[in-house]
There are 2 protein chains.
Amino acid sequence: MPPKELVIIANTGDDETFHNLHICPDIDTVMYTLAGISDRDRGWGLSGETWNAQEMLLTYGTNPWFNLGDRDLGTHIRRTDLLSQNFTLSEVTTELCEHLGVNQIIAPMSDDPVRTRIKTKNGDLSFQEYFVKYQCKPFVKGITFSGSELAAPSSIFLNGLNQARALIFCPSNPFLSVDPILSINGVRKSVIDFKGPKIAISPIVNGKAIKGPAAKLLSELGHEVSAVGVAKYFRDLCDIFILDNKDSHNLNAIKKLGIEARTTNTIMTTEADKISLAKFVLSLTKTFHD
Amino acid sequence: MPPKELVIIANTGDDETFHNLHICPDIDTVMYTLAGISDRDRGWGLSGETWNAQEMLLTYGTNPWFNLGDRDLGTHIRRTDLLSQNFTLSEVTTELCEHLGVNQIIAPMSDDPVRTRIKTKNGDLSFQEYFVKYQCKPFVKGITFSGSELAAPSSIFLNGLNQARALIFCPSNPFLSVDPILSINGVRKSVIDFKGPKIAISPIVNGKAIKGPAAKLLSELGHEVSAVGVAKYFRDLCDIFILDNKDSHNLNAIKKLGIEARTTNTIMTTEADKISLAKFVLSLTKTFHD
């Protein structure tokens, strides 16, 4: 795919302020991955990272539950500095991407603050508190997106949506990664009204989440923990639902929801797996246009 | 000397904001030195320092002329965070010192912003621009302290002054290190009115500055580049002037200014030199009280 033809909408509901620095974990994960500088073994942050600033922050008695690497801090410092100069988060993200040689467009869902709040049996938590501090352990009773009623989608998100030939929902947590984006004023309607093909990939394979708390959350929020449970979530939002070969027994149940369903290998272990899934998705978008 | 009996007044005219972070080079130098974690070879910053955050900041195209180490950034991040929570610079400094195990009191001259501005033949510069970016090379025409008319001395500075048995002007640049402090509302008068012994140590030995641009500045601002030139600056401010043994020929000229003058070794190369000079100064304060 040529550069700038791929627009990735990043969830900013997971953003958090630590030490007065604005941290965007989702944007950074996408940005570092596309720049080829992410730490693949650890699964987050930058490769070749060191932790000396954090060690000093710990000396000063600050809370140690969120890890901030030295190189990663360079990003947070630069972002916070630019935001304090009244650049929008979209502008700042574009600026950071340019310097890292990222050729795709990373669009924050909104330039306005929206924060995912997790209502748990242990109290109301920010996403990072739930995810990092409490390692997704508390039982979840509900999720809200503070600020979303007042937030507007970013203009690079809207431009992307207007110019897109297809919408892809990558395998991700419906409640924590897709819902925050859909919570923004007008976005759900724009997605439903989108004319081109809309394709979703199941994050649940064989009753388990490929990564993260998707299965646990489906269960706690009263949904079926399967590709069918996820497909029900996407019923109004997508035309084609991709599930893993292992779940081919779910094909008919999903088709009954009024969505096309296709199977393939969705578990991306190697670079070849990723390329193969991407090609499969692209081929489906072409079929749809024919 | 028992802990908390030594109050060190730190010049904050050299403070600067980089990347939206509040940097206090003078406070940090004193703090790191007293905590025993300063880099003695380099002469500034922390020992065992790394530069990975800065490398990332350079990747983002930021200005590289001021070096920010990773551990040092921990300090700047913590300070900026606490200042953004409306703690005063004095409170923040006390907090940082406590965590670093510093038992002496470091008092910022003021909690209000005062910035040293250097008028040079190349234009008006901040202290760090003059000192670090242009390495003291531009010819200095004058120095001002922006904000000093509106600034109040910090209360820990005033408390220190009220309770002190002696005032010591360490060997330092009159124009860049002492003048900023004296520029604060009421400070010069309080120093002149101080009843106990006031002792100044010459930063000029044998016509040269022990460190930094003191000699160059004395010359450019039209003063005699000698211990006598410095003593003239301190004429109203101190009772006893300490000059190096090498400058004993200046003793009489200084006494003629109406100040007591004493010679000793003022060049501190080893730990023993520092202790010896400190003991000499302390013995003088006792003589005065007798």
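Quick note on labels: first sequence line is chain A, next is B, and so on, each numbered from 1. Predicted, not measured: the structure shown is a model, and the values here were computed from it.
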B:Leu58, part contacting chain A, at a heavy-atom distance under 4.5 Å: neither
Residue, of A:Thr50, A:Leu96, A:Leu21, that accumulates the most heavy atom pairs under 4.5 Å with chain B: A:Leu96
A:Leu68, part contacting chain B, at a heavy-atom distance under 4.5 Å: neither
Within 6.0 angstrom of B:Tyr134 OH, more than 12 heavy atoms from elsewhere: no
CZ (A:Phe131) with more than 12 external heavy atoms under 6.0 Å: no
Spacing of B:Thr62 atom OG1 and A:His99 atom NE2 [to the nearest 0.5 Å]: 8.5 Å
Chain B contact via A:Leu82 - which portion, at a heavy-atom distance below 4.5 Å: neither
Any pair counted as salt bridge (charged side-chain N to carboxylate O under 4.0 Å, His left out), so long as it reaches residues 87-112 of chain B, sequence neighbours left out: B:Arg78-B:Glu95
More than 12 heavy atoms from other groups under 6.0 Å of NZ on B:Lys211: no
Interface residue of largest heavy-atom contact number with chain B, from A:Thr17, A:Leu57, A:Thr80, under 4.5 Å: A:Leu57
Whether over 12 other heavy atoms sit under 6.0 Å from A:Phe87 CZ: no
For A:Asp15, salt bridge (Lys or Arg N to Asp or Glu O under 4.0 Å) partners two or more places apart: none
Test applied, side chain to side chain contact (heavy atoms under 4.5 Å, CB included); reference residue, A:Met56; option that passes from B:Ile77, B:Leu73, B:Asp72, B:Leu100: B:Leu100
Within 6.0 Å of CZ in B:Phe66, more than 12 heavy atoms from elsewhere: yes
CG on B:Asn52 to CG on A:Asp70, rounded to 0.5 Å: 5.5 Å
Side chain proximity check, A:Tyr60 to B:Thr75, heavy atoms < 4.5 angstrom: yes
Atom group of A:Thr59 that falls short of 4.5 Å from chain B, counting heavy atoms: both
Student check: side-chain heavy atoms of A:Asn20 and B:Leu83 closer than 4.5 Å: no
